[in-house]
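Handing you a structure now.
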Amino acid sequence: MGKTILVVADVRHQALRQVTYELLGAANQLANGGAVHVVVLGHQVEVPELGAHGADVVWQVDDEALAHYTPASYRKAFLHIYQSVSPQVVLFAHSAIGKDLAPMVAMRLGLGQISDVIHLDASGEKPTFTRPIYAGKALTKVAPKSEPYVLTLRPNNLPPYTGEQKTAQVQNVDITFETPDLITMVQEVIHKATGGVDLTEAKIIVSGGRGVKSAEGFQPLQELADVLGAAVGASRGACDAGYCDYALQIGQTGKVVTPDLYIACGISGAIQHLAGMSNSKVIVAINKDPEAPIFQIADYGIVGDLFEVVPLLTKAFKQALT
Ligand code: FAD
């Protein structure tokens, strides 16, 4: 029997992030012919036609109180839509907002949650979800015990919807936000310039560790990233040493990424770093120490000085891509 699924769009800078389309793809698999609803929370968000991406109903809550994420205002808006839809499954992105909001509403509603899903199998009677455990060292399969339940899906892992075009019905919903709802208010958001490509959604990441030796040492990595259309990331070693901003940190206490290609430059491969990148589809490691642990998980290893190897790669890719 078809199920009703509610997707919470992942919004950044007033636009839907790519992971929203992956959520819609997963929702259609779980719906099994049922209805896929998507809720867009924000202010003046640019919402494309979502029928083509697998939505049957689009709920839009547009309010100044939702211009920036605050737990209380988003929770209130979400719960309002949840009551109207009464879904069997709710899908959030495993993003900064999803990781905050999903457990909060799951607790409020008394629902179970399966977090950080990287694969789903909806072919059996009950769906099963695969998620990493022990900092990515192992994978486990989990089946929900009861409905409704909440899922968070890791970006870059599940395919977007490729089925037939649907005609999405759009519902605009007004919600009154009063001061007691807004326990916290965002007064100003300062955007940091981190090279433009969103790390968690990047298809290619060029990452630097303590081996880059200085802030200037990141320059050759940035040049390679520019040629490849990649994002620049870093190990905590590089961040702690002050070579780059903590916004770039990948790992257990940083961002979790799953790009198609991860190029680790001057990174030793500590377990805490691997927790954030070991599910990358192809890993290339450049390190002058042939015994560096990063080579144990790398698909391709280059033993050498990154200051020689990286510019050679940049030159070769430039020639190949032009
Ligand atoms: P190092 O371990 O110092 O490695 C530098 C590497 O560069 C070496 O392998 C060296 O051979 C190589 N190298 C040097 N010069 C060159 C050159 N010219 N060319 C090529 N190679 C060169 N770390 C994270 O990354 N992310 C996290 O989220 C994270 N969370 C943590 C949480 C906790 C609770 C703890 C305790 C630690 C955490 N760490 C994290 C830190 C982690 O344990 C390591 O200390 C860190 O990852 C090391 O960073 P690194 O590989 O850049 O530095």
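First listed ligand is number 1; within each ligand, the first listed atom is number 1. Keep in mind the model is a prediction, meaning the values are calculated, not measured. Numbering starts at 1 and runs along the sequence shown.
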the protein heavy atom lying closest to atom 18 (N) of ligand 1 turns out to be Asp305 OD1, 3.1 Å
Where ligand 1 meets Gln249 - atom numbers and elements under 4.0 angstrom, heavy-atom basis: 26 (N), 27 (C), 28 (O), 29 (C)
Calculate, to the nearest 0.5 Å, the distance between atoms CG and NZ belonging to Leu50 and Lys166 respectively. 11.0 Å
Would you check if the side chain of Glu201 reaches a backbone N or O of Gln18 as a donor-acceptor pair within less than 3.5 Å? yes
Protein contact of atom 48 (C) of ligand 1 - nearest heavy atom, named by residue and atom, plus distance: Arg210 NH2, 3.9 Å
Would you please classify the geometry between the His273 ring and the Tyr262 ring as parallel, tilted or perpendicular, with 30° and 60° separating the classes? tilted
Is the distance between the ring centroids of Tyr161 and His53 under 6.0 Å? no
To which of Arg236, Gln252, Lys288, Glu308 does the heavy atom nearest atom 32 (C) of ligand 1 belong? Arg236
Side chain to side chain, Ser207 and Ile263, heavy atoms closer than 4.5 Å: no
Consider every N or O of Ile250 and every N or O of ligand 1, then say whether any pair is closer than 3.5 Å. yes
Given Asp116, which of Arg131, Arg154, Lys99 fulfils the salt bridge (Lys or Arg N to Asp or Glu O under 4.0 Å) condition? Arg154
So which of Ile294, Asn287, Asp289 gets nearest to atom 10 (C) of ligand 1, if we judge by its closest heavy atom? Asn287
Ligand 1 atoms in contact with Gly254 (distance to a heavy atom under 4.0 Å): 28 (O)
Taking the non-hydrogen atoms of Ala275, is any one of them nearer than 4.0 angstrom to ligand 1? no
Mark up the atoms of ligand 1 that fall under 4.0 Å of a heavy atom belonging to Ala270, in ascending order. 42 (C), 43 (O), 44 (C), 47 (O)
For Gly209 and ligand 1, does the shortest N/O to N/O distance drop below 3.5 Å? no
Atom 1 (P) of ligand 1 - nearest protein heavy atom and its distance: Ser268 OG, 3.6 Å
Checking side chain to side chain contact (heavy atoms under 4.5 Å, CB included) between Thr20 and each of Val8, Leu91, Val47, Asp10, which is the one that passes? Asp10
Looking only at non-hydrogen atoms, which of Ser235, Pro293, Gly266, Gly233 approaches atom 52 (O) of ligand 1 most closely? Ser235
Per-atom filter on ligand 1: closer than 4.0 angstrom to a heavy atom of Gly304 are 19 (N), 20 (C)
Are Val227 and Val284 connected, step by step, through hydrophobic side chains (Ile, Leu, Val, Met, Phe, Trp, Tyr) whose heavy atoms are closer than 4.5 Å? yes
Is the centre of the Phe78 ring less than 6.0 Å from the centre of the Phe92 ring? yes
